[in-house]
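The structure appears below as structure tokens.
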Amino acid sequence: MATPQFNAARWRLDRVPLAAWGGVALAVLAALIAVATSLQAALLTMLAGAACYWAVREARRFVITPNAEGTAAALGLGELTPLIEALPDPALLIDAEGRIVGSNAAARREMQFEARGQFLTSILRHPDVLEAVQAAVREGETRAVEYETTTQVERHTRCYVAPVNWGQARAAMLVFHDQTARISTERMRADFLANASHELRTPLASLTLLIETLAGPARDSAQDRDRFLAMMQVQADRMRRLIDDLLSLSRIELDEHVPPSDRADLADVAREVIDALAPVATERNVRVRLVAPSNPVTVVGERFQLAQVVQNLIDNASKYTASGGEVVVEVAEGGDREETAAIAGRRWEQASRVAMLTPTAAANLSYAYIRVEDGGPGIQAHFLPRLAERFFRVERELGNERGGTGLGLAIVKHIINRHRGGFLVESQPGRGSAFVAYVESAGEA
Ligand code: ADP
């Protein structure tokens with residue numbers, strides 16, 4: 001492929017200033033006078049005119065305009081601007097003197113500068129980037145530099161610096177990639193792994209201790225043995241629950257970006273879950289009552305995942321309801337996003353409320369909801385925003401663990417997020433808590 005060449009002597013007529021054209025006009029006029037009168041003065045004027053044109057023309061070559069466009073090299077590099085503009089990421093073109101000779105809108109917006117010809121150092125001071133620019137211009141090296149900035153929020157950027165040879169001109173091209181999202185996802189994963197192993201280590205440590213006690217001091221006492229075995233069973237169950245919940249969560253996350261397209265009857269799902277949980281409710285001496293229309297409440301959703309939502313909510317509600325109490329499960333059509341949240345989630349005047357998930361506004365979408373209400377102790381307002389955080393347990397914050405995994409509501413939130421629905425809670429200490437999940441209705445709204 002032929003290398004494009006820049007001709008430093010190429011001048012466009014419209015670039016020649018008015019003064020130069022004045023010089024030419026003067027010279028032509030003087031020549032006419034000279035022919036007509038043969039006066040020496042006319043010849044001199046002609047010469048002065050030509051000299052004037054030449055002087056102005058030459059001066060243009062050496063004048064460095066503030067935006068550096070006047071230099072031959074910069075003019076050549078300036079021709080690359082349309083290419084830089086086409087890049088989606090912020091990009092800069094820096095000449096051998098360290099001046100910005102090209103930039104795209106993304107770079108100007110991000111780095112908040114306007115003029116060309118500004119020195120790179122006036123907008124970016126990171127030494128590794130500046131060194132990479134020097135290396136690109138002088139040695140033709142390509143480098144990738146990662147750096148961190150903390151103005152208001154922490155940001156991570158990777159800057160690719162590559163040499164550009166355009167005719168006689170040498171420059172460096174800088175392309176900036178924002179790495180903040182990737183790094184915070186990596187951090188979240190690392191935190192999650194650390195949390196998960198910490199959560200598993202606690203029951204494991206208890207099990208180890210119990211085994212040691214059984215093998216040692218409690219060896220000969222049948223009564224102690226039974227007691228310790230029962231305790232071991234509790235810890236083993238806890239580990240199993242944790243692993244089950246962790247696996248569910250990662251399975252849900254795997255296809256969270258693909259919304260379901262199936263149809264499910266939410267009332268039917270609720271009925272099925274209530275039946276399945278009947279033995280647990282009986283054991284806790286809690287009545288679970290379903291309030292649902294007789295006709296189906298059809299939603300766009302995956303039946304199995306919706307059942308998991310309903311199960312986690314009813315399980316929590318019955319866990320926190322005192323013996324002899326009641327849990328009310330209500331399934332119904334709502335309306336649009338705001339109407340549904342209001343109908344299903346704003347019933348108790350003195351309750352505190354938090355929306356843990358809100359679907360993006362979409363016109364013509366109608367939702368159906370499930371509200372699970374208990375008469376339990378309720379949750380203090382300042383804990384509400386943290387309920388769907390992984391491993392968060394109010395009891396642990398208050399120092400009286402009840403053995404939950406703290407993953408149930410996180411699972412609900414992720415499933416509802418996959419369904420592009422909403423999830424909210426209203427709670428009032430002393431009165432109870434109500435959790436509402438709503439998803440797109442598939443019925444004839
Ligand atoms: P867990 O396995 O601990 O129940 P969840 O994610 O389901 O985990 O719930 C997180 C925390 O939220 C629970 O530990 C509990 O403190 C609180 N919580 C959830 N549901 C209720 C409820 N119905 N009433 C009172 N507190 C609740």
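Ligands are counted one by one from 1 in listed order, and the atoms in each one are counted from 1 as well.
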Mutual orientation of the aromatic rings belonging to F392 and F383 [parallel < 30°, tilted 30-60°, perpendicular > 60°]: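 The rings of F392 and F383 sit tilted, inter-plane angle from 30° to 60°.
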Nitrogen or oxygen of [X] less than 3.5 angstrom from that of ligand 1:
X: R393; value: no
X: L387; value: no
X: V394; value: yes
X: P377; value: no

S433 heavy atoms, cut-off 4.0 Å: which ligand 1 atoms fall inside?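 Close to S433: 24 (N).
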Numbering as shown, the atoms of ligand 1 that approach D374 to under 4.0 Å (heavy-atom distance): 22 (C), 23 (N), 24 (N)
[options]: member with heavy atom nearest to [atom]:
atom: atom 4 (O) of ligand 1; options: N316, T321, L242; value: N316
atom: atom 3 (O) of ligand 1; options: S318, G376, G406; value: G406
atom: atom 27 (C) of ligand 1; options: Y320, F391, F392; value: Y320

Can you tell me if [X] uses its side chain to pair, donor with acceptor, with the backbone of [Y] under 3.5 Å?
X: R225; Y: R219; result: yes
X: N104; Y: A91; result: yes
X: S427; Y: G432; result: yes
X: D262; Y: G301; result: no

Side-chain polar contacts of residues 305-312 - donor-acceptor pairs under 3.5 angstrom, sequence neighbours left out - could you list them?
{"unit_1": "Q305", "atom_1": "OE1", "unit_2": "R418", "atom_2": "NH1", "d": "3.0"}
{"unit_1": "Q308", "atom_1": "NE2", "unit_2": "S248", "atom_2": "OG", "d": "3.3"}
{"unit_1": "N312", "atom_1": "ND2", "unit_2": "G408", "atom_2": "O", "d": "3.1"}

Could you check if a side-chain atom of E283 sits within less than 4.5 angstrom of a side-chain atom of V280, using non-hydrogen atoms only? no
Within the 4.5 Å heavy-atom criterion, are Q380 and L398 side-chain neighbours or not? yes
Look at [atom] and say which protein heavy atom is nearest, naming residue and atom and giving the distance to 0.1 Å.
atom: atom 2 (O) of ligand 1; answer: T405 N, 2.9 Å
atom: atom 6 (O) of ligand 1; answer: L409 N, 2.8 Å
atom: atom 14 (O) of ligand 1; answer: E395 OE1, 3.0 Å

Where does K319 meet ligand 1, judged by heavy-atom distances below 4.0 Å: at the side chain, the backbone, both, or neither? side chain
Just to be sure I read this right, does ligand 1 sit under 4.0 Å from the backbone of I379, its side chain, both, or neither, counting only heavy atoms?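 The side chain, only.
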Is the NE2 atom of H382 crowded by more than 12 outside heavy atoms at less than 6.0 Å?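 More than 12 within 6.0 Å, yes.
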Give me each pair satisfying salt bridge (Lys or Arg N to Asp or Glu O under 4.0 Å) with a member in residues 130-143, each pair once, sequence neighbours excluded. E131-R143, E141-R143
Applying a strict 4.0 Å limit to heavy atoms, is F383 in contact with ligand 1?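 The answer is no, since F383 has no heavy atom less than 4.0 Å from ligand 1.
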Sub-4.0 Å heavy-atom contact, L407 with ligand 1: yes
